[in-house]
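Reading through the structure tokens given below for one structure.
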Amino acid sequence: MPEPQMVMYEAEFNQIQSIVDRLVHEANAQVVFIIDKNGQLIASAGDTSHIDTTSLASLTAGNIAATGGMAKLLRENEFATQFHEGERANVHIQLVGNRVILVVIFDHKTSLGLVRLRVKKATEVLNEIFEALLNKVQDPSLRTPFSEITDDDIDNLFSE
């Protein structure tokens, strides 16, 4: 069964942004991103001025997809955690609830152990938020932001 389309509400976005902001400081990271599996940036914190966030989000999603293919070949469900070590920057990638991707970019000023500890705690909270968001979206009694828009409204918009 395909996963329902993710809809982000302001309250949940603010919670997610707060976690991302806190994670940058608690992990002593340079940048933290939350990306959906389609490569769309959901939230970010830290110094992103030197990073092409659109490309990074897209490449990270592709990396997760490729790694998922490797996992299937090895009869694994998923490789939820990845780590890439460079000369100046390190990247810790964590799949959150098989829905979104948490990316932490850090340098030699922090340790992988600290990053992993903080990511683990952040992932637990993010899982709760995304689970609640999924339940909210699937609730048939809840009106979505688009529920009052009719086909006639759309036709009228484009006919003018």
Once you round to the nearest 0.5 Å, how far does [atom1] of [X] lie from [atom2] of [Y]?
X     : Y      : atom1 : atom2 : result
Ser58 : Gln40  : OG    : CD    : 8.5 Å
Asn28 : His108 : CG    : NE2   : 10.0 Å
Ile64 : Leu59  : CD1   : CG    : 12.0 Å
Gln17 : Glu12  : CD    : CD    : 14.0 Å
Thr67 : Glu76  : OG1   : CD    : 12.5 Å
Ile19 : Ile34  : CD1   : CD1   : 7.5 Å

Do [X] and [Y] share a hydrophobic cluster (ILVMFWY, side-chain heavy atoms under 4.5 Å, transitive)?
X      : Y      : answer
Ile16  : Phe33  : no
Leu23  : Val91  : no
Val103 : Val32  : no
Ile42  : Val20  : yes
Val31  : Val115 : no

Is there a donor-acceptor pair under 3.5 Å between the side chain of [X] and the backbone N or O of [Y]?
X      : Y      : value
Ser111 : Leu114 : yes
Ser18  : Asn14  : no
Asp47  : Ser49  : yes
Asn90  : Leu112 : no
Asp107 : Ala89  : no

Could you check if a side-chain atom of [X] sits within less than 4.5 angstrom of a side-chain atom of [Y], using non-hydrogen atoms only?
X      : Y     : answer
Val100 : Lys37 : no
Gln82  : Leu95 : no
Phe13  : Gln15 : no

Ile105/Leu56 under side-chain contact (heavy atoms from CB on, under 4.5 Å): CA gap, chis, key distance, verdict: CA-CA 11 Å; Ile105 301 172; Leu56 181 66; 3.8 Å; yes

Lys/Arg N to Asp/Glu carboxylate O, Arg99 vs Glu131, below 4.0 Å: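 The answer is yes: the pair qualifies as a salt bridge.
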
Nearest atoms (heavy-atom pairs only) where Ala57 meets Gly39: CB-O, 3.2 Å

Atom CD of Glu124 with >12 non-hydrogen neighbours under 6.0 angstrom: yes

More than 12 heavy atoms from other groups under 6.0 Å of CZ on Arg116: no

side-chain contact (heavy atoms from CB on, under 4.5 Å) evaluation trace for Val104 with Gln30: CA-CA 8 Å; Val104 179; Gln30 295 172 317; over 6 Å; no

side-chain hydrogen bond (donor to acceptor under 3.5 Å, both in side chains) between Lys72 and Asn77, worked out: CA-CA 6 Å; Lys72 283 182 180 38; Asn77 289 332; over 6 Å; no

Donor on one side chain, acceptor on other, Thr123 and Gln94, under 3.5 Å: no

CA sep, side-chain torsions, deciding dist, call: Ile93, Leu102, side-chain contact (heavy atoms from CB on, under 4.5 Å): CA-CA 6 Å; Ile93 302 171; Leu102 174 63; over 6 Å; no

